[in-house]
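What you see below is based on every heavy atom in this structure, not just the backbone, and it leaves out hydrogens, waters and symmetry mates.
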Amino acid sequence: MPSKFFAFLDRMKLIDRWALMRNTSVEDVAQHTMQVAVIAHALCIIENTLYGGTLDAEKAAVIALYHEAAEVVTGDLPTPVKYYDGDINRAYKNIEHRAEKKLLETLPSELESAFACYVQPDKDSPEHKIVKRADKLSALIKCVEELAVNNIEFKNAYDVTLKELSDAPERSVKYFMDVFIPAYSMSLDNLLA
């Protein structure tokens, strides 16, 4: 019997994000995952290089590659629904955990444990925490891009996400926001200038 693990992961490209919002540009889970991996890697390098951190940038990038893996089973539940109240959030976390477990079971048994640390990482590890920040930065970038083309649908999401990121303790997050985020609202001509 063939292993279904990577075929499942390949389906991330079929799951649209921001489903409850009017989008000028559709973003799928595969695109989002790649962006989060790049940002998580960058945050680790920034933290290590500028602030004396000891984060494993490669580990963070790989955790990020698998951080939405459960969505190939559950689909993307919009943030306002996921965090509507504690009961819904706990129920969704349980569903997500079960989906991750089910996904890991599609691997050959001799590989399950090797992938489990990425699909179900230690939530207290500093690399996982950086991935969570990178996930929020990805959401902020989506908002910046949408607002740059006057899609006011993303104004509240921008304000909420910016507030959450402003409270992040990692100095690399503030650095990324100050140095890199402004370019996301630039046109191609301005980027090339």
Salt-bridge contact R133-E47 (side-chain N to carboxylate O under 4.0 Å): no

Side chain proximity check, M177 to L165, heavy atoms < 4.5 angstrom: yes

Side-chain donor/acceptor of E127 to backbone N/O of D56, under 3.5 Å: yes

Euclidean distance, M186 CE relative to L192 CG, rounded to 0.5 Å: 9.5 Å

Ion pair D159/K163, N-O distance below 4.0 Å: no

Nearest-0.5 Å distance that lies between atom CD in E27 and atom NE2 in H32: 6.5 Å

Single-linkage hydrophobic cluster, 4.5 Å side-chain cutoff, V72 and F115 together: yes

E105 CD to K4 NZ distance, which is reported to the nearest 0.5 Å: 11.5 Å

Single-linkage hydrophobic cluster V73~I15, side-chain heavy atoms < 4.5 angstrom: yes

Chi angles and distances behind the side chain to side chain contact (heavy atoms under 4.5 Å, CB included) call for H97, K93: CA-CA 6 Å; H97 180 76; K93 291 290 181 197; over 6 Å; no

Hydrophobic cluster membership, L162 vs Y184, 4.5 Å side-chain cutoff: yes

Verdict with supporting geometry, F180 and F176, ring-ring contact (aromatic ring centres under 6.0 Å, His included): CA-CA 5 Å; F180 297 109; F176 192 94; 5.1 Å; yes

For the student: nearest non-hydrogen atoms of V62 and Y118, plus distance: CG1-CD2, 3.4 Å

Test side chain to side chain contact (heavy atoms under 4.5 Å, CB included) applied to L137 and L43, step by step: CA-CA 10 Å; L137 282 165; L43 290 176; 3.8 Å; yes

E145 side chain vs K142 backbone, donor-acceptor pair below 3.5 Å: no

ILVMFWY cluster, M12 and I39 together (side-chain gap under 4.5 Å): no

Closest heavy-atom pair and its distance - N48, G53: OD1-C, 2.9 Å

Distance, nearest 0.5 Å, that separates NZ of K136 from CG of D167: 11.5 Å

Expected output: side-chain T33 to main-chain L65 donor-acceptor under 3.5 Å: no

Crowding at OH, Y92 (>12 non-hydrogen neighbours, <6.0 Å): yes

Which atom of W18 lies closest to which atom of A157, heavy atoms considered: CZ3-CB, 4.3 Å

Least distance between heavy atoms, V36 atom then S138 atom: CG2-CB, 3.7 Å

Sole residue of D76, D135, L9, T74 in side chain to side chain contact (heavy atoms under 4.5 Å, CB included) with E68: D135

Separation between CZ of F6 and OG1 of T106, rounded to the nearest 0.5 Å: 9.0 Å

L147 versus I152, closest heavy-atom pair with distance: CD2-CA, 4.2 Å

Check: D16 main-chain N/O paired with D28 side-chain donor or acceptor under 3.5 Å: no

Cluster link L111 to V119, ILVMFWY, side chain under 4.5 Å: yes

S172 versus I130, closest heavy-atom pair with distance: OG-CD1, 4.2 Å

Distance (rounded to the nearest 0.5 Å) between F8 CZ and K102 NZ: 7.5 Å

Under 3.5 Å donor-acceptor, E146 side chain and T24 backbone: yes

Backbone of A64 reached by a side-chain donor or acceptor of H67 within 3.5 Å: yes

